[in-house]
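Down below is the structure, laid out as structure tokens.
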2 protein chains.
Amino acid sequence: MTARILSGKELTATLETEMRGEAERLEAAGSPPCLAVVLVGADPASHTYVRNKIKAAERVGIASVDKFLPDSTTQKELEGVIAELNADPAVHGILCQLPLPKGLDAERITRLIDPAKDVDCFHPSNVGLLAMGTPRFLPCTPAGVLALMTRNGVAISGKHAVILGRSNIVGRPLSLLLSRKGTDATVTVCHSRTPNLKELTRQADIVVAATGMTPEWVTGDMVKEGAVVIDVGMHRVEDASKKSGFRITGDVHYESVAPKCSAITPVPGGVGPMTITMLLQNTLTAARNPA
Amino acid sequence: MTARILSGKELTATLETEMRGEAERLEAAGSPPCLAVVLVGADPASHTYVRNKIKAAERVGIASVDKFLPDSTTQKELEGVIAELNADPAVHGILCQLPLPKGLDAERITRLIDPAKDVDCFHPSNVGLLAMGTPRFLPCTPAGVLALMTRNGVAISGKHAVILGRSNIVGRPLSLLLSRKGTDATVTVCHSRTPNLKELTRQADIVVAATGMTPEWVTGDMVKEGAVVIDVGMHRVEDASKKSGFRITGDVHYESVAPKCSAITPVPGGVGPMTITMLLQNTLTAARNPA
């Protein structure tokens, strides 16, 4: 079987074009969409992530307000910045890049962001609305996984999806998203305490690998012929054959899994690029429904 | 195999004794636990439910504030009552009996109750905290199901639980509760769009029937030898052999299922009585952590 490649790179381009139109309409209507990006400290990885988010926002016509704060920022100062952005009617979405430097309470900050501007969908009330089947925003990475399937014509209703991992960022919210009414997958959530993983994954029509613990641990013997496999993992592994000395890989052992699949996401270029795109989608949703 | 009977009637008695001690301690500490019960209209079933809740509260030493309002109550008036109860420091828990009479917006009311007093665990932020693995309150019926297992020594960690039903009251929150860290079941949520139900239930170590649609539709051929079966259903079916002309039964066909089980809940007297007990547990939790 030749697996269909579910390319996040391609889908991102399509969605960005759609979003550009929507951003223009909002601007013309007098409500130019705007995302506030809060970044505390000098962590280079965080700066790269944030830069990529700002660049993507620019590409689709979403303005960004950058709040780059020093490592020395106190909890009180950070809370003040959030309160200011909450109160600013020109700001539709607020993103506070995690992790925060030591000594700052990320949980408290996450809960201070106005739920109507919580474009990461991390606020308990937004997670609750998702669990209740009436989401305000969709969590970014899970929404990216869903879009990669629906936009590529992968059937989900009535299928058995086995999700490996129960994190608050991916596994758990994705399970809610896939099993809600209208999407209608039968969903099994597996985790580190699941004894008979392979028995479950081999029954799955859709396997989502989202543990992020070990590179390429999902192997061909773990999936059934014709399965759809979504790889949310992202690992940098040593590879002497590469100039850089490393390559990027996922939770899935692509070489053994892909030949059995009807569809599969590559790493890189699969789920990865979708997260930012869905953040921008949420920002447009917020701009359409201001706080 | 002779199934162990997981009796909610017995467990309720044990838990009420424990709670009485806790209520006395809280009273002695100057914070007598208090539950406000809001009931709108004259629906006889609702009046029965509410009466049972108040009686159970009395038994364990939780005071109740009854707000019985006429059918003619407006949305604004009801919101005023909720606001008053939210502001009253002597009230720890607020329960608004559903369904509300036509014309009143139950969703809006549910969201107006202070999350710190939301002993039904229906507020989106409390559902979100549960989904995130850090619950403030446990949803009553799911918590009752969990207690019936843990208090009777039923192992859950590493077991495969198949939940039939994805309602916001039972199936969905129970799936979150059973699969969270520390409880560690592998959980599959099935629903009306699941094509191969029997295939899944026959693999389950724990089957929870919570569709509430059809009496006794879970039959012996659907469960494996040694399974634990929890029946959340409650139906009144005609039975000419009874004086009353009917009997109470669940989603599970007890006669064919029980002989295969290691443990099973009866209906009535299984999950049913647990819901009120867990509501009182939440009220004590609220009294320990006032708003």
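Note that the structure is a prediction, hence the values are computed from the model and not measured. Order of the sequence lines sets the chain letters (A, B, ...), proteins ahead of strands, with each chain counted from 1.
- Of the two parts of A:Leu130, neither the backbone nor the side chain holds a non-hydrogen atom closer than 4.5 Å to a non-hydrogen atom of chain B.
- Across A:Ser167, A:Ala131, A:Ser179, the residue that shares the most heavy-atom pairs under 4.5 angstrom with chain B is A:Ser179.
- In this structure, the side chains of B:Asn196 and A:His160 stay at 4.5 Å or more apart for every pair of heavy atoms.
- Residue B:Leu200 touches chain A through its side chain alone, counting heavy-atom pairs closer than 4.5 Å.
- The candidate with the highest count of non-hydrogen atom pairs below 4.5 Å against chain A, out of B:Arg180, B:Lys159, B:Glu199, is B:Arg180.
- Residue A:Arg193 places its CZ atom among 12 or fewer non-hydrogen atoms of other residues, nucleotides or ligands, all under 6.0 Å distant.
- Among B:Val187, B:Asp184, B:Thr186, the single residue meeting the side chain to side chain contact (heavy atoms under 4.5 Å, CB included) criterion with A:Thr194 is B:Thr186.
- Summarising the geometry, atom NE2 belonging to A:His123 is positioned 7.5 Å from atom OG belonging to B:Ser125; distances are rounded to the nearest 0.5 Å.
- Contacts between A:Ala185 and chain B at a heavy-atom distance below 4.5 Å involve the backbone alone (N, CA, C, O).
- Residues A:Lys181 and B:Arg166 form a side-chain contact, since some pair of their non-hydrogen atoms from C-beta on lies under 4.5 Å apart.
- For B:Gln75, the CD atom sits in a packed shell: over 12 heavy atoms of surrounding residues, nucleotides or ligands are nearer than 6.0 Å.
- At most 12 heavy atoms of other shown residues, nucleotides or ligands fall within 6.0 angstrom of atom CZ in B:Arg108.
- Annotation: the span from A:Thr134 atom OG1 to B:Asn168 atom CG amounts to 7.5 Å, rounded to 0.5 Å.
- Side-chain contact check for B:Gln203 versus A:Gln203: some heavy-atom pair is nearer than 4.5 Å.
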